[in-house]
Amino acid sequence: MQLTLFKEEVVGLQARQNSTANKIMENDRAFHDWYRFVLSFPPHLVRDYIKKFRLGKMEILLDPFCGTGTTLVEAKLNNIPSIGCEANTMAFIASKTKVNWGIDAQKLITAAEKISMEAAIIEKELPINETYRLNNEQEKLILKDSIDDVPLSRSLLLRDLISKNEREELNEHLLLALAKIIVYSISNLHFGPEVGVRKSKITDHPVFFLWLNQVRSIAADIQTRCYNDTPSKVIKIDSRDISNCLEKSSISAVFTSPPYPNEKDYTRTTRLESVILGLINNRVELRCLKNNLLRSNTRNVYKMDNDEIYIKNNSRIIELADLIEKKRIELGKTSGFEKLYARVVKLYFGGMARHLAQLRIYLKPGAKLGYVVGDQASYFQVLIQTGSILEGIARELGYKVISLDLFRTRLATATKKQMREEVLVLEWPG
Ligand SMILES: C[S@@+](CC[C@H](N)C(=O)[O-])C[C@H]1O[C@@H](n2cnc3c(N)ncnc32)[C@H](O)[C@@H]1O
């Protein structure tokens, strides 16, 4: 039912948008900045491939690992209907909110002003650091010292007041603004390739003021684009198992950046805001979330995992995993995580093979796909040529390989070598 509605929206769009200026302006970057992963690919890359794939306004672009929604926002700015899939709840909410430009900006500001005023009154009357705290289980989930007590209590108070706001249609924008300031303005987090803690001298951040400003900035963005009603839908789902959530032969193009096999844990990157917003409350919920993610690091590998069966005949991956294990033994490395390196590599490529296999029936014949992936050397410095290996997997599954475009290189800290980040371009012949 929902899908049919989506299709009708797409059809109804064309006439309306022909008269709409669709020039992409510099300040459109603002939508991306509502909340985004530090290492997301840049919006212009999506724009370039929308042009290369010659996507029309009636065609659906899918991002099966949409993260914080760069592809979806860029698709909407270019009047291309899109669908995103994301398994991490925080990223899912971010994407979903970032493509919802249909709310009333003035009402959003009014609601935020009311909430921040109420918060300031409550703070005057109550010792909020005693009332608004994380419980023991929640505290164990976040990195030690990642936030000081005062900004934490103020954030929890805001979350509580937002949850009581009667205009529910505004609440995701209000929460996303809170997530953004928690991470980038008031926490002690810093982002290198991984997330870490750097204690700040300021412990008394003006949380209500910062949040209100962030809401105002979101409202200002919405006001500039409120006429754009290009449909965009985000689904909370594991992209290795997308059966029945898309319509068959409906997708004209895919543009995405899946995780790479590199020990990056996306649940750690989003942990603090996920806990403060109440999206993860204990170890069991964290494990459920991790279970739906591609196995790209040793922190989410479980006994029952079996994605390696999807690449069991791929000699290149088996040899690569064997080489990593041989190196481990030679180097005398015996930690639990190190013992899992070879297995992660097999599970990662197996998961990608499962995803690419499942996707086929949802693609239109001639559909174009772009997968942005990077080479890695995180496992005892053994080079993993992610793009080139995925190219082999895709070919085996019947995809036509169009090109493996160099997007950029990155200096690997361990090897001091330049690593390729590439766009694997495929076509589904049908
Ligand atoms: C490299 S990030 C994508 C970044 C994205 N381009 C953006 O604009 O933020 C990869 C994303 O894939 C998600 N992910 C990992 N495994 C997944 C799965 N099996 N299904 C759906 N999403 C998954 C992660 O949570 C993460 O948000």
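The structure presented is a predicted model; accordingly, all values stated were derived computationally and were not measured. In each ligand, atom 1 is the first atom listed, and ligand 1 is the first ligand listed.
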Checklist entry - Shortest non-hydrogen contact from Ala219 to Ala105? => result O-CB, 3.5 Å

Item to check | Test item: Thr68 and Trp34 side chains (from C-beta on) under 4.5 Å apart, heavy atoms | outcome: no

Checklist entry - Cys66: heavy atom below 4.0 Å from ligand 1, yes or no? => result yes

Checklist entry - Among Ala87, Pro43, Pro258, which residue places a heavy atom closest to atom 22 (N) of ligand 1? => result Ala87

Checklist outcome for this item: For atom 26 (C) of ligand 1, the closest protein heavy atom turns out to be Glu86 OE1, 3.7 Å

Next on the checklist: Using heavy-atom distances only, which candidate in Tyr260, Phe92, Phe65 approaches atom 12 (O) of ligand 1 most closely?
Outcome noted: Phe65

Checklist entry - At a non-hydrogen distance cut-off of under 4.0 Å, which region of Ser296 contacts ligand 1 (side chain, backbone, both, or neither)? => result neither

Checklist outcome for this item: If you scan protein heavy atoms around atom 10 (C) of ligand 1, the nearest is Ser257 O, 3.4 Å

Next on the checklist: Please report whether the ring centroid of Phe255 lies less than 6.0 Å from that of Phe41.
Outcome noted: yes

Item to check | Under 3.5 Å: N/O of Ser40 near N/O of ligand 1 | outcome: yes

Next on the checklist: Please check whether Thr70 reaches ligand 1 - meaning an N/O of the residue sits under 3.5 Å from an N/O of the ligand, judged on distance alone.
Outcome noted: yes

Checklist entry - Heavy-atom contacts under 4.0 Å between Asn292 and ligand 1: side chain, backbone, both, or neither? => result backbone

Checklist entry - So do Arg283 and Leu286 actually touch side chain to side chain, heavy atoms under 4.5 Å? => result yes

Next on the checklist: For a 4.5 angstrom cut-off between non-hydrogen side-chain atoms, does Leu363 reach Tyr399?
Outcome noted: yes

Next on the checklist: Looking at every non-hydrogen atom in both residues, tell me the closest pair between Met90 and Leu279 and how far apart they are.
Outcome noted: SD-CD1, 3.7 Å

Checklist entry - Below 6.0 angstrom between ring centroids: does that apply to Phe37 and Tyr266? => result yes

Item to check | Close-contact set for ligand 1 against Phe41 heavy atoms, below 4.0 Å | outcome: 6 (N)

Next on the checklist: Quick test of your reading of the model: are Arg295 and Asp307 salt-bridged, counting only N-O distances below 4.0 Å?
Outcome noted: no

Checklist entry - Can you find a heavy atom in the side chain of Ile235 that is under 4.5 Å from one in the side chain of Leu246? => result yes

Checklist entry - Mind checking whether Phe53 and Tyr49 have parallel, tilted or perpendicular rings, split at 30° and 60°? => result perpendicular

Item to check | Tyr302 six-ring centre to Arg287 NZ/CZ under 6.0 Å and within 45° of normal | outcome: yes

Checklist entry - Under a 4.0 Å heavy-atom limit, does Ile237 contact ligand 1 with its side chain, its backbone, both, or neither? => result backbone

Checklist entry - What is the nearest protein non-hydrogen atom to atom 1 (C) of ligand 1, stated with its residue, atom name and distance? => result Tyr266 OH, 3.0 Å

Checklist entry - Any N or O on Asn88 sitting closer than 3.5 Å to an N or O of ligand 1? => result no

Checklist entry - Mind checking whether Cys85 has an N or O less than 3.5 Å away from an N or O of ligand 1? => result no

Next on the checklist: Check contact between Arg36 and ligand 1, using heavy atoms of the residue and a distance below 4.0 angstrom.
Outcome noted: no

Checklist entry - So which heavy atom in the protein is nearest atom 16 (N) of ligand 1, and how far is it from that ligand atom? => result Leu294 N, 3.0 Å

Next on the checklist: Is there a polar contact between ligand 1 and Ser239, counting only N or O atoms under 3.5 Å apart?
Outcome noted: yes

Checklist entry - How far is atom 19 (N) of ligand 1 from its nearest protein heavy atom, and which residue and atom is that? => result Asp238 OD1, 2.8 Å

